[in-house]
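The chains referred to below are lettered A, B, ... by the order of the sequence lines, with proteins before strands, and numbering in each begins at 1.
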Amino acid sequence: MALNLKDLNSAQREAVTEIEGPCMIIAGAGSGKTRVLTYKLAYLIERGVSPYEILSLTFTNKAANEMKERVTNLTGLDANRIWMGTFHSIFARLLRFEADRIGFTRSYSIYDTNDSLNLVKRVMTELEISTESFNPAAIHGAISKLKNKLILPSEYSIKAYNAFEKKVAEVYHEYQRLLLKSNAMDFDDLLIKPLELFSRYPEILIKYQKRFKFILVDEYQDTNRAQYQLVKMLSQMYENISVVGDDAQSIYKWRGAEIQNIFDFETDFPHRKIFRLEQNYRSTGSILALAGDVIKKNRRQIEKELWTDNKKGDKVKIIETLTDKDEANKIARQIRDEIKNKKLKFSDFAILYRTNAQSRTLEESLWNSGIPYIIVGGTRFYQRKEIKDIICYLKIIVNPNDDEATLRVLGLTDGIGKTSIEKLVLIARDTGRSIYDVIYTSETNPEIKTALKKNLREIISIIEKYKTLKNEIRLSELVNGVIDEIGIISRYKSENTNEAEERLNNIEELKSAVAEFSDNTEEPTLENFLEQISLVADIDEFDSRKNAVTLMTIHSSKGLEFPVVFITGLEENLFPVSGSIANEEDMEEERRLFYVAITRAQKKLFISYSNQRYRFGVQSYQVKSRFLKEISDKVLKENVEIEKISLKDLVPVRQKKSGISYEYDNTAIKYNGYSKSLPEFEDDKFSDIKKGVKINHESFGSGQVLAVTGKGIDKKAEIYFKDLGVIKKIILKYAKMRVIQNN
DNA sequence: CTGGAACTACCAGGG
DNA sequence: GTAGTTCCAG
Ligand SMILES: Nc1ncnc2c1ncn2[C@@H]1O[C@H](COP(=O)(O)OP(=O)(O)OP(=O)(O)O)[C@@H](O)[C@H]1O
């Protein structure tokens, strides 16, 4: 099949066909950078490059999977063999092969943020550093920053100046020592350890340099120092490296990303070619005009002129509301209206916010309006208590040196509390052994009391049993076996609450996830499963095929596009967020974030701010964001439409003494704001509940609608709940449920 | 040692 | 408003 480059404009085509030598593509928002990368991969493969020889680094696992699929479609050849994924997952995989060189084994554990923080706390206790005077989270953050900057503990202990820094240096050193001892790496290590490996063993570096003849990096503006070093080292032999990025969309400085990498590329690769993509295909003229106007305020940026052939389109609407609740209600209503008038699907809408805490209010309004929605982010599936409990047993089976997992399992075991755990930790520390090893040999240890020995036996028997069986039985048998034997099911069953029910559902979901992993993975080992679940990002789980409104942070929305976008909470101290106000660089990053948010929209954009908002459970008064005040008169006139609070939003409230006065009332506004269209609105409310639709009910779990009776507000549905195995008649206006799948 | 009540820190974002 | 931690009775 011949690749058709007609789907590219001339700038894109040039960037695609330039495959040899270093190449930097500066691509404005919506200018088709994903398309260029996809075609470049396809072009390489068509020219006979083996997928094995290509290393393609993406920002999310989801992006990698989608790109593989598209390359396969374009070429008709299997793109699955390309080394494609996030930096973290690619180098985690590479480390599995080479870990023994740097003192780890191939079954090393990956510590997530929680594990790392717990380890910091443990180190602080051990070093007798008070967690009251020094915030463990702050220390952990400081350590992570140092690691991103490639500063070693030994270097830092010389540099550390004030009391805090000195404590950080102490903790950092011990933290690294314990990670090594536990055969564990944190997220930062996944990038740093390969660098260490490559510097210490040039022959290994050469091996990978030879393998990766072509290297592509997406979202280059958000790579950190370690990531840049990695691609620089790996590309040294062939210098066939393409990086694609947009300095205006750099939004991860806070976790170590360095825009400087864009400028360094020019100096480090003097022969580099530079391509610019400046035609935007995504958005209307008005949306783009606003975006350009916003980003203009930033000083530090590469000159580029983004333009479009698209129509000017509808004006961007800026909406002022009285409260956060009102903001949410207006959005819900707007979605209803748009769907009715324009034949849009729920999935055409995205609601974006600066902080995750804002999602609750928005969710409530959508719920009350009967609009199906998906929230990206929040508590991750694999972070849930019941799931993490199970995972920790699995982690010990793979890596018995994993002290964090062992500590958690100890905490779960009946009869073992603080005192016993402290005792075991102390023995482990004194003898330099892992905690599990102390447990394993406890029978013959005179320091351990008989009662404790008895309680430890259960842990030993489960872990040892599955350690032996691990390579003989299938992955799902192993996981199901562990779940059965640790008694977690019966514990939740006996609780008999909604919460326990949900936890049981989650455990079932874990089993399905294991089964799915086994079916779709070449080597479905426990190690690989654990690695994969450590590295899933929130956005990876987002399924754009589901017909639901998407709620997410602006950070998560990077790289995506939606016909209709709502950007919420344009208020001082929220967007821009409070921490960014004192510092010009942070402020510029906030502005870039606003730019990213605006440029997600294809057809229609709504931006809202509210005068009052619940924060930390109390009402607080909010001030309109400076980002809105900065918009130029020209754009305000030509591309923007403003909707202020009007008198009709004010509702009469009975005062105790004197008659009626106009003031805002949080509970009444909902009714008043909708009063005109309320009947029709209510009629629509349950229109999604139709025969065959799959729903999820808060107490009864998932089910399928068999029949619908009644009208309007009295509508009832007969639903078969498969978890309970019963059919129930539900009065919809009281039901707490939502549609999970339309048919 | 356990479980629930009381208290407190939090909400800037994430692999 | 919520999640995580601490405290205390049983
Ligand atoms: N040559 C082209 N002709 C028509 N449409 C195009 C062309 N190139 C890209 N597009 C469309 O433009 C839109 C944006 O493309 P893409 O998602 O690749 O942008 P991007 O550069 O990754 O944007 P961002 O950096 O903002 O995430 C997509 O809908 C894509 O299909």
Side-chain angles (χ1 to χ4, degrees), chain A residues 57-64 85-92 110-118 121 131-132 135-138 141 144 147-148 185-191 219 222-224 226-227 250-257 324 352-361 363-364 376-380 382-385 410-422 451-452 455 495 531-540 552-558 569 573-581 583 586-587 589-590 592-593 596-597 613-620:
Chain A
L57 296 153
T58 57
F59 203 69
T60 64
N61 294 303
K62 182 171 168 269
T86 62
F87 275 93
H88 287 90
S89 53
I90 291 285
F91 289 100
I110 296 173
Y111 277 7
D112 64 23
T113 317
N114 255 324
D115 301 327
S116 302
L117 188 60
N118 285 336
K121 287 181 190 162
T131 51
E132 312 240 296
N135 179 352
S144 177
K147 294 177 82 165
N148 279 319
M185 305 209 202
D186 67 13
F187 285 133
D188 302 320
D189 284 332
L190 295 179
L191 306 174
E219 304 285 6
D222 275 326
T223 50
N224 65 26
Q227 291 169 328
S250 167
I251 55 175
Y252 284 95
K253 175 177 173 282
W254 55 273
R255 67 172 208 218
D324 48 350
L352 308 181
Y353 36 80
R354 179 69 240 278
T355 67
N356 275 312
Q358 287 164 258
S359 68
R360 221 200 80 257
T361 320
E363 174 179 17
E364 225 164 71
V376 176
T379 314
R380 294 205 182 106
Y382 291 103
Q383 299 282 12
R384 284 171 206 202
K385 188 195 175 303
L410 280 170
L412 293 171
T413 308
D414 281 345
I416 296 176
K418 204 163 165 254
T419 324
S420 305
I421 294 179
E422 264 167 22
L452 178 54
N455 290 328
E495 266 182 38
E531 176 181 308
Q532 197 216 254
I533 64 176
S534 303
L535 299 176
V536 283
D538 290 336
I539 194 69
D540 294 334
M552 63 186 145
T553 62
I554 301 168
H555 282 93
S556 290
S557 76
K558 176 163 161 169
N573 293 314
L574 182 63
F575 197 11
V577 80
S578 50
S580 66
I581 284 171
N583 175 322
D586 290 348
M587 183 57 72
E589 178 147 308
E590 289 292 296
R592 291 193 294 269
L593 194 57
V596 167
R613 179 177 299 278
Y614 270 94
R615 300 188 75 179
F616 298 107
V618 289
Q619 181 94 251
S620 88

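At the heavy-atom level, A:Q358 lies nowhere under 4.0 Å from the strands shown. Across all strands shown, A:R354 has heavy atoms under 4.0 Å from base atoms, whether or not it also approaches the sugar-phosphate. Across all strands shown, A:G617 has heavy atoms under 4.0 Å from base atoms, whether or not it also approaches the sugar-phosphate. Within the 4.0 angstrom heavy-atom criterion, only backbone atoms of the sugar-phosphate kind lie near A:S556; the bases stay farther away. Counting non-hydrogen atoms under 4.0 angstrom, A:T419 reaches the backbone sugars and phosphates but no base. Among the protein residues, A:E589 comes within range of the nucleic acid bases, having at least one heavy atom under 4.0 Å from a base atom. Within 4.0 Å (heavy atoms only), A:R613 reaches no atom of the nucleic acid at all. A:I416 comes within 4.0 angstrom of sugar-phosphate atoms only, judged by non-hydrogen atoms across all strands, and of no base. If you check every strand for non-hydrogen atoms under 4.0 Å, A:K121 touches sugar and phosphate atoms only. Among the atoms of the strands shown, none is found under 4.0 Å from any heavy atom of A:T60.
A:H555 contributes atom NE2, which lies 5.5 Å from atom CH2 of A:W254 (distance to the nearest 0.5 angstrom). Note that OG of A:S534 and CG of A:D186 are 12.0 Å apart. Values are rounded to the nearest 0.5 Å.
Between the CG atom of A:L117 and the P atom of C:dA3 there is a distance of 17 Å, given to the nearest Å. Rounding to whole angstrom units, CG of residue A:N114 and P of C:dG4 are separated by 8 Å. As rounded to whole Å, 19 Å separates atom P of B:dA12 from atom CG of A:L352. One atom, CG of A:D540, and another, P of B:dG14, lie 12 Å apart when rounded to the nearest Å. Summarising the geometry, the separation between CZ on A:R592 and P on B:dG13 is reported as 18 Å, rounded to the nearest angstrom. Atom-to-atom, CG of A:N61 to P of B:dG14 comes out at 15 Å; the value is rounded to the nearest Å. Atom CE in A:M587 sits about 13 Å away from atom C1' in B:dA12, given to the nearest Å. Nucleotide B:dG15 holds its P atom 15 Å from the OH atom of A:Y382, rounded to whole Å.
Taking the P atoms as reference points, C:dG4 lies 15 Å from B:dG13, given to the whole Å.
When side chains are defined from C-beta on, A:T361 does not count as touching A:R613, because their heavy atoms never get closer than 4.5 Å. The shortest side-chain heavy-atom distance between A:L412 and A:K385 falls under the 4.5 Å cut-off.
Using a 4.0 Å cut-off, some side-chain N or O of A:S420 falls inside it from OP1 or OP2 of B:dC1. Checking the phosphate oxygens (OP1, OP2) of B:dG15, a side-chain nitrogen or oxygen of A:R380 falls inside 4.0 Å. Phosphate proximity of B:dC10 to A:N356: absent, as no side-chain N or O sits under 4.0 Å from OP1 or OP2. Of the side-chain N and O atoms in A:S534, none sit less than 4.0 angstrom from OP1 or OP2 of B:dG15.
B:dC11 has its base stacked against the ring of A:F616, the centroids being under 5.5 angstrom apart at an interplanar angle below 30°. Both thresholds, 5.5 Å between centres and 30° between ring planes, are met by A:W254 relative to the base of B:dG13, so the two rings are stacked.
Ranking B:dG15, B:dG14, B:dA12 by closeness to the A:T553 side chain, first place goes to B:dG14. Minimum atom distance to the side chain of A:T113 is reached by B:dG15, of the listed B:dG15, B:dG14, B:dA12. Checking B:dA12, B:dG15, B:dC11 against every side-chain atom of A:A357, the shortest atom distance belongs to B:dC11. When the nucleotides B:dG14, B:dG15, B:dA12 are ranked by their closest atom to the side chain of A:H88, B:dG15 comes out on top. Here the side chain of A:V577 is nearest to one of B:dA12, B:dC11, B:dC10, namely B:dA12. For A:N135, counting side-chain heavy atoms from C-beta on, the closest listed nucleotide (B:dG14, B:dC10, C:dT2) is B:dC10.
Taking 3.5 Å as the limit, the base of B:dG15 and the side chain of A:D112 contain no donor-acceptor pair of atoms between them.
The side chain to side chain contact (heavy atoms under 4.5 Å, CB included) test with A:Q358 is passed by exactly one of A:Y614, A:F575, A:Y353: A:Y353.
For A:K253 and A:D586, the salt-bridge test passes: some basic side-chain N is under 4.0 Å from an acidic carboxylate O. For the pair A:R380 and A:D112, the salt-bridge criterion is not met [side-chain N within less than 4.0 Å of a carboxylate O].
For A:D540 (side chain) and A:K62 (main-chain N/O), a donor-acceptor pair under 3.5 Å exists by modelled atom type.
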* Asked: Passes salt bridge (Lys or Arg N to Asp or Glu O under 4.0 Å), A:R592 versus A:E589? Steps please.
  -> CA-CA 5 Å; A:R592 291 193 294 269; A:E589 178 147 308; 3.2 Å; yes
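Ring pair A:H88/A:F187 is perpendicular by interplanar angle, where above 60° counts as perpendicular and below 30° as parallel.
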* Structure fact -> Pairs under 3.5 Å (Watson-Crick or G-U), crossing ones as [ ], inter-strand ones as |: DNA chain B comes out as ||||||||||.....
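Comparing A:V536 and A:R615 along DNA chain B, the residue whose closest nucleotide (by nearest heavy atom) sits nearer the 5' end is A:R615.
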